[in-house]
There are 2 protein chains.
Amino acid sequence: MNLRDFRYLLAVAEHRNFGRAAEACRISQPTLSVQVRRLEEQLGVALFERTSRTVAPTAACERLIGHVRAAVAEMDAILDIARALRDPLAGRLRLGIVPTLAPYLLPLVFAPLREALPALELEPWEDQTAALLDRLRAHELDAALLATEPDGPDLASRRLFAEPFFAALPPEHPLAGRAVVAEEDLAEDILVLADGHCLRDQALAACGRNGGLGGTLRAASLSTLLNMVAAGYGTTLIPALAAGPAQDAGIVLRPLATRAGRTIRIAWRTHFPRRAAVEAVGEVIATRLRGFAEGAAAGVI
Amino acid sequence: MNLRDFRYLLAVAEHRNFGRAAEACRISQPTLSVQVRRLEEQLGVALFERTSRTVAPTAACERLIGHVRAAVAEMDAILDIARALRDPLAGRLRLGIVPTLAPYLLPLVFAPLREALPALELEPWEDQTAALLDRLRAHELDAALLATEPDGPDLASRRLFAEPFFAALPPEHPLAGRAVVAEEDLAEDILVLADGHCLRDQALAACGRNGGLGGTLRAASLSTLLNMVAAGYGTTLIPALAAGPAQDAGIVLRPLATRAGRTIRIAWRTHFPRRAAVEAVGEVIATRLRGFAEGAAAGVI
DNA sequence: GGTGAGCATAGGTGCCGTCTATCGCCTTTA
DNA sequence: TAAAGGCGATAGACGGCACCTATGCTCACC
């Protein structure tokens, strides 16, 4: 049973004339006659009483026509909504971001994203990598900004930009006098984030250590970590985007000898249908951060 | 765009598995896959995110599914109502009846009609022949009980029963002594109904007169006419079904020499789709009145 | 690395929605 | 009273689509 037939029925009921109704429906009069007849057979009810001169809706037709109108209206609503949903660059996009990136990246890219993708309603969601991947796989996120490359065939990702690490030192720290810091030298009194932060593992790896920090304090956030370094509790590695706040806190930053860093990627489910939106978001971010790694490496004191 | 595809969509959204959804829809899995794909193309929106293992509704699907449910519900309502309307012997039937017949026939046939056609909601409408025919042609009535045969190709009718006329006389009237009355003898002091009543013309015709009654009083109803005869104002012809009330009023009835009478017919629009209901009503009435003419002619005093 | 679950694709078939041409009925008009 | 015209139904042809079975492809699991 086709919605089209309902439109035909409404047209005949309105015009009370098959020829004009057919014209309104942009079909031939015989087609309309046949289709209405078929509909009557399918419903098992005569809808119109025809003579060679007149067409009159039957009582059954009057009884049904309200529901027919409602069904057609729902159909039109569906088509309207679908039309509005058609643009993959419009609508909500739930974007996961790791906590060591979110507070520093979002201020940079929010305005460009709004400008480039005005119809996209970006919903940032801050959480650690593992949680983001879980939510991504559970369809609770549409994409995620990560510092690692997700594995498994169900997820895909695209590199956005490289973010170098800096040695973060209290001003009075012995290493603060050097122009470049060797990662191994930091290892002694390095402070790291709590378990689960990707930056924790990456910082330890850069220093040649694989965990096992004994009683060393683990910060819950990069912001906490910076405050602890500023207070002279130790040293750490911070990603380049956090350089500004770190310096504001009075921390001395020095480039690393190996130019170690992390790569920021945007990840999505392989089969996510609005891949175009993800790509567009990635493109805006990559463009905004183009040349950032080099500039950061060279520009810091 | 087919309602069937919406049912498919709902099935996939419910089962989250094409195979089981196809089973629920009683179609093959490939058919369901193709149809859902087609629907997505028609709407221009991805409805499901598929992997080789999982099926998940997209945000667009969630947005649309309420309206889809509503459309399907309307469709089901239409089918349900149509099913209920399918029986031509059920539902309202507006039946016109001429005033000289209605009060005497209805008490006889109401119970048999109720029993034979319990689902039929008979709506009697009492009016004169011309008005009934107008309303019938205007679709304001579905059928009519008349004492004449309607003409024109747009109306059809069926004979139901013959109703003899009787001479109605005041007890003291000279003709009351005869066993049989010749119509011409009534013509002198005959009382007739007002213009528009078919019985008026038929009574006059039976007496060999074509109207032109001068100042003779014209009654608005048969009941009034009977009271006037009972009061001795004159004579009249009454149809056999009115015999009971006439005798109750103290009127003397005598058969007519020519056995004149009228034929009661049921009429309907030629193209009226519930002809079965009209025929059924006619059949019940004809059955109830079978042999009535002979019985009436013989049974009256 | 084989097996099985599950969605997609391919190819064939019959129905159905559409068209144009024409019929049949009835009303209007010359 | 016959011709013309309006209107719905019917006939026949054709293309598309919904459906089927068979098979391919991907991925998880053992």
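Residue numbers start from 1 in every chain, and the chains themselves are labelled A, B, ... in the order their sequence lines are given, proteins ahead of strands. For clarity, every value in this text was computed on a predicted model and none was experimentally measured.
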Exercise. Check A/Val284 against A/Leu117 and note the closest heavy-atom contact, atom names and distance.
Key: CG2-CD1, 4.5 Å

Self-check item: Minimal non-hydrogen separation, B/Arg265 against B/Arg159, with atom names
Solution: NH2-N, 3.6 Å

Practice problem: Check whether any side-chain N or O of A/Thr287 sits under 3.5 Å from a backbone N or O of A/Glu283 as a donor-acceptor pair, and report yes or no. | Solution: yes

Self-check item: Expected output: side-chain B/Asn2 to main-chain B/Asp5 donor-acceptor under 3.5 Å
Solution: no

Atom pairs, N/O to N/O, protein against nucleotides 19-23 of chain D, distance under 3.5 Å?
residue: D/dC19; atom: OP1; partner: B/Tyr8; partner atom: OH; Å: 2.8
residue: D/dC19; atom: OP2; partner: B/Tyr8; partner atom: OH; Å: 3.4
residue: D/dC20; atom: OP2; partner: B/Ser28; partner atom: N; Å: 2.8
residue: D/dC20; atom: OP2; partner: B/Ser28; partner atom: OG; Å: 2.9
residue: D/dC20; atom: OP2; partner: B/Thr31; partner atom: OG1; Å: 2.7

Quiz item: Any chance the side chains of B/Gln29 and B/Ser33 put a donor and an acceptor closer than 3.5 Å?
Solution: yes

Quiz item: Does the side chain of A/His271 come under 3.5 Å of the side chain of B/Glu49 through a donor N or O and an acceptor N or O?
Solution: no

Mind calculating the distance between [atom1] ([X]) and [atom2] ([N]) to the nearest angstrom?
X       : N      : atom1 : atom2 : answer
B/Arg50 : C/dT9  : CZ    : P     : 9 Å
A/Arg37 : C/dT18 : CZ    : C1'   : 18 Å
B/Phe48 : C/dC7  : CZ    : C1'   : 13 Å

Self-check item: side-chain hydrogen bond (donor to acceptor under 3.5 Å, both in side chains) involving A/Arg83 - partner list, sequence neighbours excluded
Solution: A/Asp80

Quiz item: Tell me, do A/Glu40 and A/Val45 make a side-chain contact under 4.5 Å, heavy atoms counted?
Solution: no

Exercise. Please report how far the helix from C/dG1-D/dC30 to C/dA30-D/dT1 bends, comparing the axis fitted to its first five pairs with the axis fitted to its last five, to the nearest 10 degrees.
Key: 10°

Quiz item: Who are the side-chain contact (heavy atoms from CB on, under 4.5 Å) partners of A/Glu121, not counting sequence neighbours?
Solution: A/Arg92

Exercise. For B/Asn17, answer base if it contacts any base atom (sugar-phosphate contacts may also be present), sugar-phosphate if it contacts only those atoms, and nothing otherwise; contact means non-hydrogen atoms under 4.0 Å.
Key: sugar-phosphate

Quiz item: Between A/Arg38 and C/dG17, does any side-chain N or O lie under 4.0 Å from OP1 or OP2?
Solution: yes

Using atom names, set out every protein N or O paired with an N or O of nucleotides 24-30 of chain D below 3.5 Å, distance rounded to 0.1 Å.
residue: D/dC27; atom: O4'; partner: B/Ser52; partner atom: OG; Å: 3.1

Quiz prompt | With B/Glu140 via salt bridge (Lys or Arg N to Asp or Glu O under 4.0 Å) - residues at least two apart | solution = B/Arg135

Quiz prompt | Worked verdict on A/Arg63 versus A/Thr58 for side chain to side chain donor-acceptor pair (under 3.5 Å) | solution = CA-CA 9 Å; A/Arg63 177 85 179 76; A/Thr58 62; over 6 Å; no

